[in-house]
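Structure record follows, encoded as structure tokens.
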Amino acid sequence: MGSKYRLLEDEEANESHDCSSSPLSRTRWHFISVAALVIVLMMLSCGIHQVFIFAKANDNSELRQRSAHEIPSTTQSPFPPKTVNFDESLTFASEDLNASNPRVARKASDMEPEQIFIALSGHDAMWVSWVTGEAQIGQKIQPRDPSSVASVAVYGTESGSYTDSVEGSHEIYNQLYPFPGLDNYTSGIIHHVRLTGLKPETKYYYQVGDPYLGAMSHELSFTTLPLAGPKSFPARIGVIGDLGLTYNSTSTLDHLMMNKPDLVLMVGDLVYADLYVTNGTGAASYSRAFPDTPIHETYQPRWDLWGRFMEPLASKVPFMVIEGNHEKEPQVDGITFAAYQARMAVPYRESGSTNMFYYSFNAGGIHFVMLGAYIDYSRTGEQYAWLKQDLANVDRSVTPWLIAVYHPPWYNSYTAHFREVECMRISMETLLYEHGVDLVLNGHVHAYERSNRVYNYTLDNCGPVHIIVGDGGNHEKMALPHADDGPEFCPNPQDAHDEFGNCGFNFKEGPAAGKFCWDQQPEWSAYRESSFGHGIIEVVNSTHLLWTWHRNQDIYDGLGDQLYIVRQPGTCPNQPMV
């Protein structure tokens with residue numbers, strides 16, 4: 001995993017000169033030393049650019065490399081639409097792990113911390129979250145007292161030596177069903193602590209728990225990201241969507257960890273607890289398996305299993321999430337997203353948002369906007385007003401890259417969820433385009449698809465690239481049919497809607513004029529395939545970003561789709577100069 005790449009330098013730094021060196025004498029050592037010094041000085045004067053090489057994590061495997069000149073870039077787009085035929089063997093291993101699996105089984109004693117996650121919280125802070133105490137599920141439950149256990153984190157820059165200690169908050173949540181025969185759930189105690197005063201690009205060691213009870217975690221560590229700046233970027237950013245807790249999920253997580261990301265983006269649909277009823281019975285399709293339930297039930301212990309499953313990565317690398325539709329988990333009295341809001345910590349207050357369903361953050365020279373598709377996104381709503389202000393505050397001389405993340409895609413040529421959030425696209429797309437968003441990341445559709453640069457369904461060299469990474473390994477399996485495979489695969493426009501409205505319509509112009517679907521793969525769809533996997537972002541500099549789709553089927557050696565996304569501030573007025 002993580003093959004060698006020779007990455008591009010800034011366009012303005014690509015100039016070179018014809019330099020030559022004198023022959024080295026091999027008879028005397030001091031001649032070698034002098035010659036070496038001369039070579040170094042000549043390299044500096046000639047402005048020879050640095051070459052970045054990323055080695056594979058498995059040192060015993062044969063190393064492969066791909067020249068930067070062999071990797072296509074958006075400067076060569078638009079690319080003709082390409083579809084990779086589906087490999088039917090990939091449908092295996094989509095069964096959920098059971099509670100006895102060693103990767104998810106509970107190992108902590110009653111008050112020992114488990115399910116430890118970290119998340120960014122401003123330029124000098126980090127959220128740390130964990131759970132103590134075992135959850136309860138049944139007809140009669142007794143919620144724990146959250147204040148019975150302290151929420152303490154200790155941390156420092158030397159192993160075993162913690163110079164700082166901070167206390168945070170603690171809470172529980174319940175999933176209640178006032179219907180005969182349905183089990184209720186109450187969580188363990190969920191803790192959130194904010195570590196502050198952190199220095200950039202520094203390794204910190206930490207422990208969490210309750211020192212008064214002698215219930216502290218073992219020592220963990222994380223490395224902070226670089227400060228915002230036009231030449232300062234994380235080495236690797238992992239991107240996963242629709243992960244779930246299947247055997248395919250384990251492969252995705254293992255592949256991702258082999259790539260050693262500095263930051264992970266989770267683009268919604270984390271756990272899929274809502275594919276289960278309260279007695280623990282699950283199915284790939286809830287509506288087909290359980291058509292007569294009085295409410296859409298969930299099996300909340302899946303959250304605890306997933307928290308343990310993710311801890312080996314999420315306790316060491318900042319894990320930034322945005323909600324998906326499977327996090328909704330409705331209860332009576334209109335309660336939704338209870339587990340998601342209680343368990344996850346995101347920097348929404350730090351970014352001026354009023355709730356955790358949308359927020360923003362910087363990771364070096366990248367500004368991320370995390371948008372909520374399951375909360376009002378109309379132009380008269382709070383989210384739109386926040387987004388408009390957030391984008392206006394972005395300084396592209398500090399964070400030249402601008403990336404948007406939300407769960408359901410606007411550009412999707414699969415039958416599943418086809419044009420499902422047209423209202424969101426109509427509301428927000430122009431705002432993202434005007435501010436020069438470079439890349440949009442989505443999940444929801446259980447497949448992989450990358451667009452050409454596009455705006456309003458039209459090829460546009462200044463529009464963003466849209467990428468769907470909706471198949472981390474979920475139990476619902478892959479999306480296979482495309483909306484253009486035939487009339488029978490084109491959804492009814494009245495069915496393509498979300499809870500905030502229906503903006504489905506037949507196109508008035510273009511190749512699909514008078515129709516709801518295209519007759520062939522649309523020109524904005526550059527590449528699509530149904531495969532499990534994860535994405536990796538490697539920002540080279542202020543103008544070049546390398547995107548790679550790593551497929552689980554390629555084990556640890558292969559690469560899937562790969563592309564340089566190139567900013568062209570001299571060409572696109574919506575992409576300011578740095």
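No hydrogens, no waters, no symmetry mates; every other heavy atom, side chains included, goes into these values.
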For the backbone of [Y] and the side chain of [X], can you confirm whether one donor and one acceptor N or O come within less than 3.5 Å of each other?
X: Glu382; Y: Thr354; value: no
X: His446; Y: Lys477; value: yes
X: Thr246; Y: Gly473; value: yes
X: Gln521; Y: Ser525; value: yes
X: Glu112; Y: Ala215; value: no
X: Trp386; Y: Ser351; value: yes
X: Arg379; Y: Ser427; value: yes
X: Asn98; Y: Asn101; value: yes
X: Ser530; Y: Ala479; value: yes

Could you tell me whether Arg419 sits above the aromatic face of Phe505, with NZ or CZ closer than 6.0 angstrom to the six-membered ring centre and within 45 degrees of the axis?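 The answer is yes; both the distance and angle limits are met.
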With sequence neighbours excluded, give me every salt bridge (Lys or Arg N to Asp or Glu O under 4.0 Å) pair touching [range].
range: residues 301-311; result: Asp96-Arg302, Glu114-Arg308, Asp304-Arg343
range: residues 321-342; result: Lys328-Glu499
range: residues 350-362; result: Arg194-Glu350

Report the residue from His444, His466, His417 that forms a ring-ring contact (aromatic ring centres under 6.0 Å, His included) with Tyr411.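 The ring-ring contact (aromatic ring centres under 6.0 Å, His included) with Tyr411 is passed solely by His466 among His444, His466, His417.
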Centre-to-centre under 6.0 Å for [X] and [Y], is that the case here?
X: His482; Y: Tyr414; result: yes
X: Phe489; Y: Phe418; result: no
X: Tyr377; Y: Phe500; result: yes
X: Phe117; Y: Trp130; result: no

Determine whether Val421 and Tyr374 satisfy the following criterion, side-chain contact (heavy atoms from CB on, under 4.5 Å), listing intermediate values before the conclusion. CA-CA 10 Å; Val421 281; Tyr374 305 99; 6.0 Å; no
Calculate, to the nearest 0.5 Å, the distance between atoms [atom1] and [atom2] belonging to [X] and [Y] respectively.
X: Ile237; Y: Leu441; atom1: CD1; atom2: CG; answer: 9.5 Å
X: Thr252; Y: Tyr247; atom1: OG1; atom2: OH; answer: 15.0 Å
X: Ile118; Y: Lys316; atom1: CD1; atom2: NZ; answer: 9.5 Å
X: Ile295; Y: Thr278; atom1: CD1; atom2: OG1; answer: 11.0 Å
X: Ile537; Y: Leu439; atom1: CD1; atom2: CG; answer: 5.5 Å
X: Ile536; Y: Thr548; atom1: CD1; atom2: OG1; answer: 7.5 Å

Taking the inter-plane angle between the rings of Trp303 and Trp306 on a 0 to 90° scale, is it parallel (under 30°), tilted (30 to 60°) or perpendicular (over 60°)?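 Trp303 and Trp306: perpendicular rings.
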Does the plane of the ring in Trp547 sit parallel, tilted or perpendicular to the ring in Tyr448? Use 30° and 60° as the thresholds.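 Parallel.
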side-chain contact (heavy atoms from CB on, under 4.5 Å) with Ala289: which residues, sequence neighbours excluded?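 side-chain contact (heavy atoms from CB on, under 4.5 Å) check on Ala289 returns Ala283.
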So which pairs with a foot in residues 332-355 pass ring-ring contact (aromatic ring centres under 6.0 Å, His included), sequence neighbours left out?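 Pairs touching residues 332-355 that pass the test: Phe337-Phe357.
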Pairs touching residues 170-189 that satisfy ring-ring contact (aromatic ring centres under 6.0 Å, His included), sequence neighbours left out: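 Listed once each, the pairs are Tyr173-Tyr185.
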Starting from the C-alpha separation in whole Å, work towards a yes-or-no answer on side-chain contact (heavy atoms from CB on, under 4.5 Å) for His534 and Asn259. CA-CA 10 Å; His534 74 278; Asn259 258 334; 3.2 Å; yes
Using the side-chain contact (heavy atoms from CB on, under 4.5 Å) rule, take Ser249 and Phe309 through it: C-alpha gap first, then chi angles, then the decisive distance, then the call. CA-CA 10 Å; Ser249 309; Phe309 174 69; 4.3 Å; yes
Does Asp561 form a salt bridge (charged side-chain N to carboxylate O under 4.0 Å, His left out) with Arg528? I'd like the steps, not just the answer. CA-CA 9 Å; Asp561 184 40; Arg528 64 188 183 186; over 6 Å; no
Salt bridge or not for Glu529 and Lys82, using N-O below 4.0 Å?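 The answer is no: the pair does not qualify as a salt bridge.
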Determine, step by step, whether Glu449 and Ser413 satisfy the side-chain contact (heavy atoms from CB on, under 4.5 Å) criterion, reporting the C-alpha distance in whole Å, the side-chain angles of both residues, the deciding distance to 0.1 Å, and the verdict. CA-CA 8 Å; Glu449 185 166 20; Ser413 63; 2.5 Å; yes
